[in-house]
Amino acid sequence: MNRREFLLAAATAAVAAPTLSFSGKLFAAPASAPRFLLVFLRGGYDCNNLLIPYGSDFYYESRPTLSIARPDPYNQNSAIGLDSEWGLNPALRDSLYPLWQKRQIAFVPFAGTDDMSRSHFETQDNIESGEPSSQRSDFRSGFMARLSGQMAKVPSIAFTDALPLSFQGGNHDIPNISLRGNTKAVFDDRQASILAGMYQNTSLASAAADGLELRQSVSKELQDEMMKANRGAANAKSFAEETQRMATMMRDQYRLGFVDVGGWDTHVNQGSTSGQLANNLTNLSKGLAAYADALGDEWNNTVVVVMSEFGRTFRENGNKGTDHGHGTVHWVLGGKVNGGRIAGPQVAVNAQNLLQNRDYPVLTNYRDMLGGLLSKTWGLSGSQIQTVFPGSKPKDLQLV
């Protein structure tokens, strides 16, 4: 690392330095406290080839190359029947489907936001802000930061390269740490000592020290895993490996978390039971299954929500892909989730019920769904929920 790189890394670390250390010097939440992880799929995933409306002839008419066959016990590439109308992509037979069988996952179709821009960045920002898209008043305030501010002794963390908007603007600092990518420690011992010395006897001394400790500890874990991989262990870069490390940190220290996963913008050659989308869904689902396993008994105190900025067009395009849409399907997972069902209001999947003749309509606003879910998970009052999601109308979809 040259001088310029070191100074740049030092500045980044100083800005992102957490007030809560990896080792839990300030406080630790009770072991049995609720845990919440938001998994954000950036790019707008195609929910129609995850949760397949196999009861709809219109689905098969709209997707001549992308549709997945109706459930057939003699066809391993057919949809896995969940009920009389909906099926699951068979690529997830060994990862996500067991959680369905245990009634530990529910799907909420026709869900999403009131943002109609179909713009990745605008819709992502609107969702992370947690405010109505037409009434955003603070463009650097995120709903998870406000949620964290409503709860005492609930350590929060973002498993990201940079602090996401959802965790910005709160009344206390939130640490962020990426668990993917280069396993080399950000600083060697000498560099870490120099950086810590820069903040000695200042108000940032404790935050800088805790931030360095967090990064150095995680880097060592990644290096250890790479050594194990040389003896035949699983690849440390896989999402499943990442979620196992996340689970350790959420089990032992943190209670409110955020992680994002990219690669969901499938305009070309999307695939159906194989290909880009199926590979992404498989990797994601294996990771979530690994997360559940690694949490052990604390999986029963955990809720995971998977969402994306929007769904995709119901009809496939001329490039064997799908374009930016609107309504999508949210996932809700956890050991005590009221799963094994399709939750929330629904309409028949046909041309007449499409929004603007192209997309799923939104019947469940994500702010209302999360408001109801978080209210029950954390016992938040109505006024607290309004602080987190101003103007929302919390819905209890009986997910927990």
S.K.: Got a salt bridge between Lys393 and Asp368, using NZ or NE/NH1/NH2 to carboxylate O under 4.0 Å?
M.R.: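 Salt bridge absent between Lys393 and Asp368.
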S.K.: Who are the ring pair (Phe, Tyr, Trp, His ring centres under 6.0 Å) partners of Phe389, not counting sequence neighbours?
M.R.: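 Once residues adjacent in sequence are excluded, the partners of Phe389 under the ring pair (Phe, Tyr, Trp, His ring centres under 6.0 Å) criterion are Phe143.
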S.K.: Could you go through Gln398 and Arg341, starting from their C-alpha distance and side-chain angles, then the distance that decides it, and tell me whether this counts as side-chain contact (heavy atoms from CB on, under 4.5 Å)?
M.R.: CA-CA 11 Å; Gln398 299 183 345; Arg341 65 194 185 94; 3.7 Å; yes
S.K.: What distance separates Thr273 OG1 from Gln76 CD, expressed to the nearest 0.5 Å?
M.R.: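 These two atoms lie 11.0 Å from each other.
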S.K.: Distance only, no hydrogens: is a donor on one side chain within 3.5 Å (strictly under) of an acceptor on the other, for Asn89 and Tyr97?
M.R.: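 No, Tyr97 and Asn89 have no side-chain donor paired with an acceptor closer than 3.5 Å.
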S.K.: I want to check something: taking the side chain as every heavy atom from C-beta on, are Gln150 and Val388 in contact at a cut-off of under 4.5 Å?
M.R.: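 Gln150 vs Val388: side chains touch.
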S.K.: Please check if atom NZ in Lys376 has more than 12 non-hydrogen atoms from other residues, nucleotides or ligands closer than 6.0 Å.
M.R.: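 Atom NZ in Lys376 is crowded, with more than 12 foreign heavy atoms closer than 6.0 Å.
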S.K.: What is the ring orientation for Phe310 with His324, classed by angle as parallel under 30°, tilted 30 to 60°, or perpendicular over 60°?
M.R.: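 Tilted: the ring planes of Phe310 and His324 meet at 30° to 60°.
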S.K.: Could you check Gln276 against Asn269 for side-chain hydrogen bond (donor to acceptor under 3.5 Å, both in side chains), going step by step and ending with a plain yes or no?
M.R.: CA-CA 7 Å; Gln276 180 182 353; Asn269 295 328; over 6 Å; no
S.K.: Given side chains that start at C-beta, do those of Arg245 and Phe159 come closer than 4.5 Å, heavy atoms only?
M.R.: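 Counting from C-beta outward, Arg245 and Phe159 never come under 4.5 Å.
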S.K.: Check whether any side-chain heavy atom of Trp331 sits under 4.5 Å from a side-chain heavy atom of Val305, and report yes or no.
M.R.: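 They are not in contact (no side-chain heavy atoms under 4.5 Å apart), so the answer is no.
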S.K.: For Asp359, what residues pass the side-chain hydrogen bond (donor to acceptor under 3.5 Å, both in side chains) criterion, not counting sequence neighbours?
M.R.: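 Asp359: side-chain hydrogen bond (donor to acceptor under 3.5 Å, both in side chains) contacts with Arg118.
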S.K.: For a side-chain contact (heavy atoms from CB on, under 4.5 Å) check, start with the C-alpha distance between Asn300 and Thr302, then their side-chain angles and the critical distance, and finish with the verdict.
M.R.: CA-CA 6 Å; Asn300 290 325; Thr302 297; over 6 Å; no
S.K.: Which atom pair, heavy atoms only, marks the closest approach of Ala106 to Leu399?
M.R.: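 Closest pair (atom of Ala106, atom of Leu399, distance): CB-CD2, 4.0 Å.
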S.K.: What verdict does the side-chain hydrogen bond (donor to acceptor under 3.5 Å, both in side chains) test give for Ser117 and Asp115, after you've listed the backbone C-alpha separation in whole Å, the side-chain angles of each residue and the deciding distance to 0.1 Å?
M.R.: CA-CA 6 Å; Ser117 68; Asp115 188 299; 2.6 Å; yes
S.K.: Starting at CG of Asp323, measure out to CZ of Arg358 and round the result to the nearest 0.5 Å.
M.R.: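 Rounded to the nearest 0.5 Å, the CG-CZ separation comes out at 7.0 Å.
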S.K.: Could you check Arg312 against Thr322 for side-chain hydrogen bond (donor to acceptor under 3.5 Å, both in side chains), going step by step and ending with a plain yes or no?
M.R.: CA-CA 6 Å; Arg312 304 191 73 81; Thr322 52; 2.9 Å; yes
S.K.: Indicate whether any N or O donor in one side chain lies under 3.5 Å from an N or O acceptor in the other, for Asn319 and His267.
M.R.: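 On atom types as modelled, these side chains do not qualify, holding no pair under 3.5 Å.
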S.K.: Mind checking whether Phe314 and Phe58 have ring centres under 6.0 Å apart?
M.R.: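 Ring centroids of Phe314 and Phe58 are less than 6.0 Å from each other.
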S.K.: Looking at Asp83, I'd like to know if its CG atom is crowded, meaning that more than 12 non-hydrogen atoms belonging to other residues, nucleotides or ligands lie closer than 6.0 Å.
M.R.: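 Yes - once you tally the heavy atoms of other residues, nucleotides and ligands closer than 6.0 Å, there are more than 12.
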S.K.: When you look at Arg315 and Leu354, which way does the side-chain contact (heavy atoms from CB on, under 4.5 Å) test go after all the steps?
M.R.: CA-CA 10 Å; Arg315 299 178 181 88; Leu354 291 185; 3.9 Å; yes
S.K.: Between Asn48 and Tyr360, is a side-chain hydrogen bond (donor to acceptor under 3.5 Å, both in side chains) present by the stated rule, with each step listed?
M.R.: CA-CA 9 Å; Asn48 301 303; Tyr360 270 170; 3.1 Å; yes
S.K.: Applying side-chain contact (heavy atoms from CB on, under 4.5 Å) to Glu316 and Thr65, what does each step give before you reach the verdict?
M.R.: CA-CA 8 Å; Glu316 67 178 76; Thr65 69; 2.7 Å; yes
S.K.: Cut-off 3.5 Å, side chains only: do Thr123 and Glu309 have a donor facing an acceptor?
M.R.: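 No, Glu309 and Thr123 have no side-chain donor paired with an acceptor closer than 3.5 Å.
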S.K.: Do Gln270 and Arg63 make a side-chain contact, defined as non-hydrogen atoms from C-beta onward lying under 4.5 Å apart?
M.R.: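 Yes - at least one pair of side-chain heavy atoms lies under 4.5 Å apart.
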